[in-house]
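Start at 1 and go down the list; that is how both ligands and their atoms are numbered.
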Amino acid sequence: MSIEAKNLCKKYGKQLAVNALNFTVETGQIVGFLGPNGAGKSTTIKMLVGLIKPSSGEAFLAGKAVDSESWEFKKNIGYLAEDNPLYTDMYVKEFLEFIADIQKIPQEIQSKRIQEVIELTGLIKEQHKKINTLSKGYQQRVGIAQAILHNPSILILDEPTSGLDPNQMEDIRSLIQSLKTGRTILFSSHILSEVEAICDRLLLINHGKLEADCSMEEAKGFPGGLSQFFQEKTKAKA
Ligand code: ADP
């Protein structure tokens, strides 16, 4: 299922945080949404998942306009917010049962699906632990588990590796890659190497504007390589 932004704009007061974004992400791609802090990544993502309304323009998922009221629309999306809100007093499995109810996963398949997702996200040993006893890397796994529980075809992850140590980053990257089959994944990051490691394509945003929409290969072929590409596209405009 595709993700599409059409002239998407968001103003906070006088500040244009997202400025006429146009892009399409097709099924089966992992696309990196790259940009420095404050570039407008989270704001864009919140519009794509229907958490905030655009000031103008529209977002489409699977060809349908984003409608935050519609259950059909929500069924297709898995979302991990930047701050990964979890009920940290809950046990891992208990939390996933709670999310399964919210996602209206039928009772008869709930426990099988929860077990599948626990295995997929590498949480077998942690399932009976309290979330607040887990490392940040394992808490991110729980965040990803809740995002994929209802088996959405679109997965949108806001800075999923931010604040992790290098080993944890690597684990979460592999996990995200393992979720690619049959899914469309949009993954935001302000770290170039993160996007380089896992994405087929990148969208680069700076000051709310799309500065690049290209394959990873094209970006690497930029004179001076990928880091020069990033610097060039994110440098302050006179
Ligand atoms: P990123 O995710 O790329 O770090 P954000 O989308 O969070 O960027 O922010 C883009 C810009 O919009 C920043 O200048 C930020 O300060 C501003 N901003 C974000 N959220 C709000 C808000 N709720 N109210 C006012 N300004 C905001």
Side-chain angles (χ1 to χ4, degrees), residues 3-25 29-61 66 68-69 77-86 136-137 139-140 143-144 146-147 154-165 168-169 172-173 176 184-214 216 219 226-238:
I3 304 172
E4 195 179 353
K6 269 196 186 162
N7 269 322
L8 215 49
C9 290
K10 181 71 189 178
K11 266 189 172 172
Y12 293 117
K14 285 188 178 157
Q15 186 194 0
L16 196 52
V18 171
N19 186 355
L21 289 194
N22 286 292
F23 60 80
T24 306
V25 180
Q29 288 183 326
I30 301 190
V31 173
F33 193 35
L34 179 67
N37 284 328
K41 302 183 295 299
S42 290
T43 302
T44 304
I45 282 177
K46 284 179 193 155
M47 291 191 278
L48 295 177
V49 300
L51 280 177
I52 58 173
K53 271 191 187 303
S55 304
S56 60
E58 231 173 340
F60 295 85
L61 295 185
V66 166
S68 52
E69 306 295 316
I77 317 171
Y79 168 56
L80 175 62
E82 187 177 10
D83 56 356
N84 186 14
L86 298 169
K136 180 117 192 326
Q139 291 195 359
Q140 282 304 80
I144 292 174
Q146 67 74 31
I154 294 172
L155 194 53
I156 300 185
L157 309 169
D158 196 352
E159 300 260 3
T161 59
S162 168
L164 302 182
D165 71 31
Q168 293 170 336
M169 275 186 176
I172 296 297
R173 281 205 297 254
I176 294 169
T184 310
I185 302 182
L186 186 71
F187 159 107
S188 83
S189 179
H190 62 280
I191 305 168
L192 182 63
S193 56
E194 277 302 279
V195 170
E196 181 185 6
I198 83 166
C199 298
D200 314 312
R201 208 178 120 210
L202 65 84
L203 298 166
L204 192 145
I205 179 176
N206 192 34
H207 296 303
K209 288 190 93 162
L210 198 67
E211 297 290 348
D213 175 355
C214 61
M216 195 51 70
L226 198 55
S227 55
Q228 191 60 34
F229 169 85
F230 185 64
Q231 271 182 23
E232 197 63 34
K233 301 287 181 190
T234 57
K235 73 180 176 196
K237 296 230 163 87

Under the side-chain hydrogen bond (donor to acceptor under 3.5 Å, both in side chains) test, residues paired with Thr161 that sit two or more places apart: Glu194
Within 6.0 Å of NZ in Lys136, more than 12 heavy atoms from elsewhere: yes
Contact residues of ligand 1, where a non-hydrogen atom lies under 4.0 Å away: Tyr12, Gln15, Ala17, Pro36, Asn37, Gly38, Ala39, Gly40, Lys41, Ser42, Thr43
Partner of Leu186 by side-chain contact (heavy atoms from CB on, under 4.5 Å), out of Ile154, Asp158, Leu48: Leu48
Side-chain touch [X]/[Y], heavy atoms, less than 4.5 angstrom:
| X | Y | result |
| --- | --- | --- |
| Met47 | Lys10 | yes |
| Pro36 | Asn206 | yes |
| Cys199 | Ile30 | yes |

